[in-house]
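Below you'll find the structure, written out as structure tokens, and then a few comments.
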Amino acid sequence: MTAPADATDVLIVGGGPAGLATAIELARRERRVTVIDRHDDAPGAATLLTPRAAAATRRLGIDLADHFHPIERIRITGIDPDDPGMRSTSSRWPRLRGVPDIGYVGDRAALVDALRGLAGSLGVRELDSHEATEPIVERGFVRGAVVRTPGGEHDEVRATFTVVADGANSQFGRLLGTFRQPDWPLAVAYGGDYRSPLHLAGEAEIVVGITDRAGAPIAGYGWMFPTGRGTVGVGLMLLSTSPSFQVINPSHLHERLLDEHGLRWQLDRDPVVAPSGGRVPLGGSVGPLAGPTFLIIGDAAAAANPLTGLGVDTALETGIMAGDVVGEALDTANSAALQQYPKLFDDRYGSYYKLGRLTARLLGQPAFSRRVYEALASRPSYADSALRIATQHLRSGRGGGPELLYRIARTVAIFAPDA
Ligand SMILES: Cc1cc2nc3c(=O)[nH]c(=O)nc-3n(C[C@H](O)[C@H](O)[C@H](O)COP(=O)(O)OP(=O)(O)OC[C@H]3O[C@@H](n4cnc5c(N)ncnc54)[C@H](O)[C@@H]3O)c2cc1C
């Protein structure tokens with residue numbers, strides 16, 4: 001169980017939001033932590049940080065208000081079928097005890113910088129531009145990783161426990177035997193940033209009812225995120241459940257989004273951050289989440305919300321959870337503590353994600369999604385409820401509209417075949 005003197009207690013593969021959250025939690029427990037990151041050159045496009053992301057960073061010791069642009073409201077906009085114009089509703093973030101009712105727009109790179117600064121100040125060893133190429137396995141137990149250094153040499157980083165936080169493609173996770181359910185929904189996100197005099201707006205906009213070439217609605221949404229630093233992020237989150245998903249070209253749809261909404265947002269079409277995209281695995285579609293000496297967190301664990309495709313908040317939350325569990329395993333010198341993590345993950349997200357996956361499938365049916373998107377853009381009470389459900393701001397023990405609706409749907413989902 002104990003690592004050699006020159007080794008680290010915990011090796012974290014991937015220094016994104018998830019891995020750094022675990023590192024900070026463990027460093028606070030005075031554990032020796034090493035984070036390695038190969039630094040994919042992810043462009044710093046606008047990212048919506050939900051109130052739950054704000055709560056998680058606050059717990060870690062970072063106030064997002066010190067770094068990012070506040071977002072007080074969410075506007076849902078859609079096409080009105082009875083009127084050639086657009087309709088929209090505006091909602092405040094739902095209130096939930098222990099969670100601030102404010103979100104932020106920042107960018108992933110700036111969030112990572114803030115987390116890295118904190119981790120470094122707590123003594124976390126960060127190996128930049130290092131890539132984990134394969135796990136070190138001894139008598140069936142993972143004991144760290146072989147890493148490629150910036151000079152191209154191979155070194156070993158040995159550790160008592162390894163936390164895998166290597167993001168959506170999770171090649172390191174696959175080497176440990178993780179598997180993504182191939183027929184469960186995933187999302188493709190695609191966005192860039194554009195200059196706009198409206199960059200200080202306190203309201204982010206979600207555009208629903210985006211259609212494919214044949215005019216059928218696509219499951220997903222467009223976004224306009226004012227950044228407070230001269231630009232507005234414009235992008236798309238597309239769920240894989242639409243029949244036309246395989247043939248959709250996100251860059252064409254993105255152009256159309258800019259054409260339809262660019263004037264309202266007074267966008268300069270020359271991008272400051274060129275649009276780019278990637279896949280987001282959703283809804284707990286990856287497993288197993290734990291082995292005898294390792295855990296899988298964040299996008300590597302498909303922790304992102306299956307309704308919204310947002311994954312920074314769940315990356316931070318699963319990172320904190322893993323920090324607690326690994327910390328306990330080290331404190332008690334008992335690696336069995338790691339086996340609590342899949343259950344904690346399931347308690348927190350399991351039934352919500354199952355319902356989310358089923359809903360994502362329903363939204364893939366144009367007749368259903370057309371009605372839902374029309375209602376969201378024209379009825380404020382529906383939009384408020386949808387925002388509460390979609391951001392998982394459900395109040396336990398409350399019989400109010402969204403909670404009641406959610407409980408009924410969850411009961412139905414128990415009897416549904418897995419989505
Ligand atoms: C275009 C786009 C827009 C998005 N917008 C939003 C948004 O507005 N709000 C939101 O909440 N979510 C958004 N998401 C999702 C969000 O970015 C992810 O859910 C979140 O970043 C997951 O954090 P993570 O730490 O798990 O993984 P990542 O942020 O992907 O971090 C993984 C890290 O691991 C490193 N790594 C990978 N393999 C190795 C290896 N072998 N060795 C060493 N290092 C390695 C990478 O360099 C990377 O730094 C978006 C996603 C995309 C693609």
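Atoms within each ligand, like the ligands themselves, are counted from 1 in listed order. Both backbone and side-chain heavy atoms feed into the values below; hydrogens, waters and symmetry mates do not.
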Heteroatom distance test (E131, ligand 1): nitrogen or oxygen, under 3.5 angstrom = no
R95 backbone acceptor or donor facing D101 side chain under 3.5 Å = no
Apply salt bridge (charged side-chain N to carboxylate O under 4.0 Å, His left out) to D259 and R269, showing your working.
-> CA-CA 9 Å; D259 289 343; R269 292 286 289 264; 3.0 Å; yes
Ligand 1 versus A315: contacting region, heavy-atom distance under 4.0 Å | side chain
Closest to atom 34 (O) of ligand 1 (judged by heavy-atom distance), picking from G14, A18, P275, G106 | G14
Taking all heavy atoms of A360 and all of P306, pick out the closest pair and write down the distance.
-> CB-O, 4.0 Å
Among all protein heavy atoms, pick out the one at the shortest distance from atom 41 (N) of ligand 1; state its residue, atom name and that distance to 0.1 Å.
-> A132 O, 3.0 Å
Can an N or O of G19 be found at a distance shorter than 3.5 Å from an N or O of ligand 1?
-> no
Identify the residue among D107, I62, L111, L49 that makes a side chain to side chain contact (heavy atoms under 4.5 Å, CB included) with H67.
-> I62
Top protein contact for atom 32 (C) of ligand 1, by heavy-atom distance | A165 O, 3.4 Å
So, does P17 sit close enough to ligand 1 that a heavy atom of it is under 4.0 Å from the ligand?
-> yes
Check ligand 1 against I36 and write out every atom of the ligand that is under 4.0 Å from a heavy-atom position of the residue.
-> 43 (C), 44 (N)
Give yes or no for whether the N/O distance cutoff of 3.5 Å, strictly under, is met between F225 and ligand 1.
-> no
Contact check: T47 vs ligand 1, nitrogen or oxygen atoms, below 3.5 angstrom | no
Say whether L48, considering both its backbone and side-chain N or O atoms, lies within less than 3.5 Å of an N or O atom on ligand 1.
-> yes
Note: ligand 1 atoms sitting under 4.0 Å from heavy atoms of G16 are 25 (O), 31 (O), 33 (C)
Charged N-O contact under 4.0 Å between D128 and R116 | yes
Could you tell me which atoms of ligand 1, counted from 1 in the order shown, lie closer than 4.0 angstrom to a heavy atom of H130?
-> 43 (C)
Around atom 13 (C) of ligand 1, find the nearest protein heavy atom and jot down its residue, atom name and distance.
-> G311 N, 4.2 Å
In terms of the angle between their ring planes, are H254 and Y190 parallel, tilted or perpendicular, with boundaries placed at 30° and 60°?
-> perpendicular
Write out the residue and atom name of the closest protein heavy atom to atom 46 (C) of ligand 1, then the distance separating them to 0.1 Å.
-> D40 OD2, 3.4 Å
Can we say D347 and K343 salt-bridge, meaning some charged N sits less than 4.0 Å from an Asp/Glu carboxylate O?
-> yes
Considering heavy atoms of the protein only, find what lies nearest to atom 37 (C) of ligand 1 and give residue, atom and distance to 0.1 Å.
-> D166 O, 3.3 Å
Give a yes or no on whether a salt bridge exists between E205 and R75, defined as a side-chain N under 4.0 angstrom from a carboxylate O.
-> no
List the closest protein heavy-atom neighbour of atom 30 (O) of ligand 1: residue, atom name, distance to the nearest 0.1 Å.
-> G167 CA, 3.6 Å
Shortest reach to atom 38 (N) of ligand 1 by a heavy atom, considering only R148, R38, E134, R279 = R38
Is D299 salt-bridged to R279, cutoff N-O under 4.0 Å?
-> no
Among all protein non-hydrogen atoms, which one is nearest to atom 35 (C) of ligand 1, and what is the separation to 0.1 Å?
-> D37 OD2, 3.4 Å
Flag D313 as yes when one of its N or O atoms lies below 3.5 Å from any N or O atom of ligand 1, and as no otherwise.
-> no
Backbone N/O of A55 and side chain of T57: donor-acceptor pair under 3.5 Å | no
Under a 4.5 Å cut-off applied to non-hydrogen side-chain atoms, are Y194 and T231 in contact?
-> no
So, S240 side chain and L186 main chain: donor-acceptor pair closer than 3.5 Å or not?
-> yes
Run down the list A46, G319, A189, P250 and name the one with the heavy atom closest to atom 1 (C) of ligand 1.
-> A189
Any Lys/Arg nitrogen of R59 or E25 sitting under 4.0 Å from an Asp/Glu carboxylate oxygen of the other?
-> yes
G298 backbone acceptor or donor facing T318 side chain under 3.5 Å | yes
To the nearest 0.1 Å, how far is atom 18 (C) of ligand 1 from its closest protein heavy atom, and which atom is that?
-> D299 OD2, 3.3 Å
Check ligand 1 against G298 and write out every atom of the ligand that is under 4.0 Å from a heavy-atom position of the residue.
-> 26 (O)
Check whether any N or O atom of V312, backbone or side chain, sits under 3.5 Å from an N or O atom of ligand 1, and answer yes or no.
-> yes
Any idea which part of R108 is under 4.0 Å from ligand 1, heavy-atom wise: side chain, backbone, both or neither?
-> side chain
Does a side-chain N-to-carboxylate-O contact under 4.0 Å join D324 and R29?
-> yes
